[in-house]
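All residue numbers in this chain count up from 1 along the given sequence.
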Amino acid sequence: MASQRDFEQVTGFAAGSARTDTLMNAGMQLALRAAQLGQNSPHQAAKWEQIVALWEDAVTQVEQAGLADPGYVASRSLLADYKKNLAIVRIRLEAERDSAAALEAAQRTTRSFLASAPRENFSTNRGYLLSELQGIRDQLGKVQPGTTAYAEAQALSQSAQKKLQQLQP
């Protein structure tokens, strides 16, 4: 009886170890893929969403390691790293979305401004024009560095700044 109990304990340990190894390896493969996709940023929001999904899957895999499983402590270390990376990628996704929205809003305002500018009398409506241009620059200022919209936003902001300087008395 004692030998059978010892055998069951050893085989249970080995099975638990294999299960934990499998879960951790699956998580590591997903994490590796997420890290590879995240290289050479900036990325569009859709790509950041794919990266978030991969990190979430990696977290899910590693979370399945049970407290009684051998390798549990190692799995918690991986889990902490994966959750940290997931949080970072979620922040990048939010920054990309917010920046794209800010650029689009500034572009809409710019189109509206350009459509009305030829009809406006610069001398009588200088305040309005200055306000519109400053509003465009403020909107463009919401575009964060490290996003796909940043370079375009910087160029538009410089253009708006030049126009502001031309309209200054």
Q144 backbone acceptor or donor facing T147 side chain under 3.5 Å: yes

Within the side chain of D69, is there an N or O that forms a donor-acceptor pair under 3.5 Å with the backbone of G66? yes

Contacts satisfying salt bridge (Lys or Arg N to Asp or Glu O under 4.0 Å) that involve residues 72-85 (not counting sequence neighbours) are E63-K83

Are I136 and L156 connected in the hydrophobic side-chain network, where two residues link if heavy atoms are under 4.5 Å apart?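 Yes, I136 connects to L156 through the hydrophobic network.
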
Cluster overlap L86 with W48, hydrophobic side-chain contacts below 4.5 Å: yes

Rounded to the nearest 0.5 Å, how far apart are CG of L78 and CD of Q61? 12.0 Å

D138 versus Q134, side-chain donor and acceptor atoms under 3.5 Å: yes

Crowded around E94 CD? As in, over 12 foreign heavy atoms under 6.0 Å?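 Count not over threshold, so no.
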
Does a side-chain N-to-carboxylate-O contact under 4.0 Å join R137 and E132? no

Output all residues satisfying side-chain contact (heavy atoms from CB on, under 4.5 Å) with K47, sequence neighbours left out; order by chain, then residue number.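 By the side-chain contact (heavy atoms from CB on, under 4.5 Å) rule, K47 matches L37, H43, Q50, I51.
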
For Q107, give me all partners under side chain to side chain donor-acceptor pair (under 3.5 Å), at least two apart in sequence or on another chain. E152

Start with the C-alpha gap between Y150 and E96, add the side-chain angles, then the distance that decides, and say whether side chain to side chain contact (heavy atoms under 4.5 Å, CB included) holds. CA-CA 9 Å; Y150 188 71; E96 182 63 31; over 6 Å; no

